[in-house]
Number of protein chains: 2
Amino acid sequence: MVRYGRERKQVTRRRIIEAAGRRFKADGIDGSGIAALMADAGLTNGAFYAHFDSKDDLVAAVVADQLREQREGLSAAALGRAGAEQMLRQYLSIGHRDDPARGCPSAALLDEIARTADPTRRAYTEGVLAVIDDVAARVAPNDPRSARARTLSIYALMVGTLQLSRALADRQLADALLEQGIQSALTLLDAAERT
Amino acid sequence: MVRYGRERKQVTRRRIIEAAGRRFKADGIDGSGIAALMADAGLTNGAFYAHFDSKDDLVAAVVADQLREQREGLSAAALGRAGAEQMLRQYLSIGHRDDPARGCPSAALLDEIARTADPTRRAYTEGVLAVIDDVAARVAPNDPRSARARTLSIYALMVGTLQLSRALADRQLADALLEQGIQSALTLLDAAERT
DNA sequence: TGTACATCAGTGAACGCGCGTTCACTGATGTAC
DNA sequence: TGTACATCAGTGAACGCGCGTTCACTGATGTAC
């Protein structure tokens, strides 16, 4: 009954999700039309509904996928404080700030995600907790439960800093903020260790 | 030559800007239509272009106005560390999180502002620096220049924390993050003082 | 003081356009015999 | 091995709708005489 290879449609679905991720992060969710992101995926608009029920359905899938990707990217980081600092410096780099389309979904879309309906916000919550618990386990493996809240708080600092650096029209100030963000995050990390 | 009272049109313009501020923060900039926000202001869509050149023009005006309002609100805060803590607790409160329309424009719109054209980003930069320099002067009046970068960094933490708390579908976790955000901000404040 | 007039903030219908979504169709694929 | 057929991912035109913007008009206002 399966006419084409079983995975073939899944591969296309994945291509749409990845193209949408890039589009959404570059132009916003509201700012990205179905036709444009299907063209990015090398398809026409009509094919969209063979893969998703609606744009909202896609948004939830994209949010989940983006956070899974972020989690995988962060898993490559080294352990301990040195690893944490390296990760911070990469996240709060000029390169990351100037390339939202390939960067952190939270930095690009967090306030838009906050306005979405429950399914998307649940996908976001689940995804971000997976990221945070993963990072917390690597950076502070000894700390038990409170690591989640503290790591989440540092994540909030990172996200807010990148967003603010992107919004500032003064490049020098925007760059200085990134560096200050790294220092602030390290301060929080060390304060947590000391407790 | 002035037919109506000189201020009359300015009063209407202000009403539009304030209505737009609420709408934008509730539904996003892309998510808010001219007709809807003019209706909020008690007018019809056509009158819009007697006050603004374009939607972009309005957005820049709203961003400037919102930050001026935030600056005025923060000027009421008490001085010193106690004042800072009180301000933090108000910003990172459940009430503020659950009422974006009347809250901080950065928390509601920062990633959308980051995607806007230069005039709006310049208005944002100017406005946020006025807020930050004002707060820095009140909270750490002795500290000279580096206060700006540090205060900006704490602002980024506050904004990121509120956004993240709004996006999380788990209410208990969202509440805990606000409290952790207050602790993190105080840690950064104290670390700055110590230097 | 009363009337004709000029002003202009605001009205509301209309514009072209792109949105999310639907649908009749195509054509490459693998199956059945 | 070859041919007729069923499947279904993808096409592309069309749908109603709301968007930002334009414009001919209205009617309340204050001015001129």
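In the text below, chain A, chain B and the rest are named by the order of the sequence lines, each starting its count at 1. What you see is a predicted model; the values in this text were computed from it and never measured.
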Donor-acceptor pairs under 3.5 angstrom involving side-chain atoms of residues 31-41 of chain A: please list them, not counting sequence neighbours.
| unit_1 | atom_1 | unit_2 | atom_2 | d |
| --- | --- | --- | --- | --- |
| S32(A) | OG | R23(A) | O | 3.3 |
| S32(A) | OG | G28(A) | O | 2.7 |
| D40(A) | OD1 | R23(A) | NH2 | 3.4 |
| D40(A) | OD2 | R23(A) | NE | 2.6 |

Could you tabulate the donor-acceptor pairs under 3.5 Å formed by side-chain atoms of residues 70-78 of chain B, not counting sequence neighbours?
| unit_1 | atom_1 | unit_2 | atom_2 | d |
| --- | --- | --- | --- | --- |
| Q70(B) | OE1 | Y155(B) | OH | 2.8 |
| S75(B) | OG | R71(B) | O | 2.9 |
| S75(B) | OG | D134(B) | OD2 | 3.1 |

Open item on the list: Output one letter per nucleotide in nucleotides 13-21 of chain D: B when a protein non-hydrogen atom lies under 4.0 Å from the base, S when only the sugar-phosphate is that close, - when neither is.
Closed with: BB----SSB
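Among residue pairs with one or both ends in residues 41-55 of chain A, none qualify as salt bridge (Lys or Arg N to Asp or Glu O under 4.0 Å); sequence neighbours excluded. For residues 162-178 of chain B, the set of pairs meeting the salt bridge (Lys or Arg N to Asp or Glu O under 4.0 Å) definition, not counting sequence neighbours, comprises R97(B)-D175(B), D98(B)-R171(B), R171(B)-D175(B). The salt bridge (Lys or Arg N to Asp or Glu O under 4.0 Å) analysis of residues 122-133 of chain B, with sequence neighbours excluded, yields the pairs D118(B)-R122(B), D133(B)-R148(B).
Listed in residue order, the members of residues 11-21 of chain A having a heavy atom less than 4.0 Å from DNA chain D are T12(A).
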Open item on the list: If a pair means Watson-Crick or G-U wobble with both distances below 3.5 Å, what does DNA chain C look like in dot-bracket form, with | marking bases paired to a different strand?
Closed with: .||||||||||||||||||||||||||||||||
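Taking D56(A) as the reference, nothing meets the salt bridge (Lys or Arg N to Asp or Glu O under 4.0 Å) condition, with sequence neighbours excluded. Every residue two or more places apart in sequence or in another chain that forms a salt bridge (Lys or Arg N to Asp or Glu O under 4.0 Å) with E85(B) is listed here: R81(B), R89(B). A search for ring pair (Phe, Tyr, Trp, His ring centres under 6.0 Å) contacts involving H96(A) returns Y91(A), not counting sequence neighbours. Not counting sequence neighbours, R138(B) has no partner by the salt bridge (Lys or Arg N to Asp or Glu O under 4.0 Å) test.
Whole-Å rounding puts the K9(A) NZ to dT7(D) P distance at 15 Å. In this entry the distance linking CD of E7(B) with C1' of dA9(C) reads 16 Å, nearest Å. One interatomic measurement links the two molecules: CZ of R8(A) to P of dC8(D), which rounds to 13 Å at whole-angstrom precision.
The side chain of L43(A) approaches dG10(D) more closely than any other nucleotide in the set dG10(D), dA9(C), dG10(C).
Under a cut-off of 6.0 angstrom, the local environment of CZ in R68(B) is crowded, with over 12 non-hydrogen atoms contributed by other residues, nucleotides or ligands.
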